[in-house]
2 protein chains.
Amino acid sequence: MRIGELSERTGTPRRLLRYYEEQGLIVADRAPNGYRDYDESNVDRVMQIRGLLDAGLPTRIIKQILPCLDKPRVIHFADATPEMLATLTHERDRITDRISCLIRNRDAIGEYLEAVSVNRRPEAVPTGS
Amino acid sequence: MRIGELSERTGTPRRLLRYYEEQGLIVADRAPNGYRDYDESNVDRVMQIRGLLDAGLPTRIIKQILPCLDKPRVIHFADATPEMLATLTHERDRITDRISCLIRNRDAIGEYLEAVSVNRRPEAVPTGS
DNA sequence: GTTGACCCTCACATAGATGTGAAGGTTCGA
DNA sequence: TCGAACCTTCACATCTATGTGAGGGTCAAC
């Protein structure tokens, strides 16, 4: 598929698809006329990328994570240098931190919304404190 | 406490503490000489802010979330306009999306690391596919 | 064979979070 | 009273992900 279709199917501006390619996050074949030619797997990959970017990861890190997401993984074990494994471990832990932070805050928002929906103007809310 | 101490205790450059204030995320009293004067609660608040920024939320959104985090909440119910509640609901859902994305990817990294630790150079990995 | 809808590269612009430093006031201890 | 270590504001710089558009090629349909 060409860039327009990928753009539509992923809701991503063409500009960014080219940018992700420049950053080494996706690869595209080229048709004889120079047009980029994407295969089906790029749809999922682009969604992954967007999700991770939105979650605050920079392209530099995403690039290192992406090989983990391909199944079967066999081919990619060549990348598994000790430094790479250390990086991955570290990033995994940082992601875990992010997750707990987000869960905490989401739950706080949830509780707030709950409290508001129960009583638009409460004098006191049982917070346990 | 003054900005230097808050900076040290939160691991945040002074520059950013001033920036967060400018964005309306924190407030500081002023000593007679003009120095910012923070109270204890700002330590936690700054950590919240940094966590959320790191998780990809812009200061504009963080500003709207912060009131949810204060307990007791009683005072803040004044902010609970319908638009605000809609925004919060929406942001909560977006955060939930981010969380699932991060969990998916973290687990994928985990599986990758696991696979590597079991066998540095496997011919085939049981992926279920 | 021209038009319209694609595609290409290149390049400059923007926005948000952050780095850095200048120019200057305050406070405190030697 | 001087210097060190704070603090202030202001302003320009940087990086990353994006927006936008110019200048130009390709191709299918009419």
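Just so it is clear: chains get the letters A, B, ... in the order the sequence lines come, proteins before strands, and each one is counted from 1. All values below come from the heavy atoms of this structure, side chains included, with hydrogens, waters and symmetry mates left out.
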| query | Side-chain heavy atoms under 4.5 angstrom apart, residues restricted to Ile, Leu, Val, Met, Phe, Trp, Tyr: same cluster for A:Ile109 and B:Met84? | reply | yes
| said: Walk me through whether A:Leu17 and A:Tyr38 qualify under side-chain contact (heavy atoms from CB on, under 4.5 Å). | reply: CA-CA 11 Å; A:Leu17 294 175; A:Tyr38 298 96; 4.2 Å; yes
| Between P of D:dC7 and CE of B:Met1, the distance in whole Å | 12 Å
| task | Provide, to the nearest angstrom, the distance between the CZ atom belonging to B:Arg14 and the P atom belonging to D:dT9. | result | 14 Å
| request: Apply side-chain contact (heavy atoms from CB on, under 4.5 Å) to the pair A:Met47 and A:Thr12, showing each step before the final yes or no. | output: CA-CA 9 Å; A:Met47 308 276 250; A:Thr12 306; over 6 Å; no
| said: Please report the interatomic distance CD(A:Glu5) to CD1(A:Ile3), rounded to the nearest 0.5 Å. | reply: 12.0 Å
| field | Base-contact (B) and sugar-phosphate-only (S) positions in nucleotides 17-30 of chain D, heavy-atom cut-off under 4.0 Å, - elsewhere | value | BBBB----BBS---
| request: Under 4.0 Å from any heavy atom of chain B: name the first and the last nucleotide of DNA chain C that qualifies, 5' to 3'. | output: C:dG16 to C:dT27
| query | Linking I/L/V/M/F/W/Y whenever any side-chain heavy atoms sit under 4.5 Å apart, do B:Leu53 and B:Leu57 land together? | reply | yes
| Identified side-chain contact (heavy atoms from CB on, under 4.5 Å) counterpart of A:Gln23 within the set A:Thr59, A:Ile62, A:Ile49 | A:Thr59
| Where do A:Arg36 and A:Glu22 land on the salt bridge (charged side-chain N to carboxylate O under 4.0 Å, His left out) test, with the steps shown first? | CA-CA 13 Å; A:Arg36 267 163 264 255; A:Glu22 187 183 303; over 6 Å; no
| request: Evaluate salt bridge (charged side-chain N to carboxylate O under 4.0 Å, His left out) for B:Lys63 paired with B:Glu91, printing each intermediate quantity in order. | output: CA-CA 12 Å; B:Lys63 189 176 173 180; B:Glu91 287 306 323; over 6 Å; no
| Any side-chain N or O of B:Arg36 under 4.0 Å from OP1/OP2 of D:dC7? | no
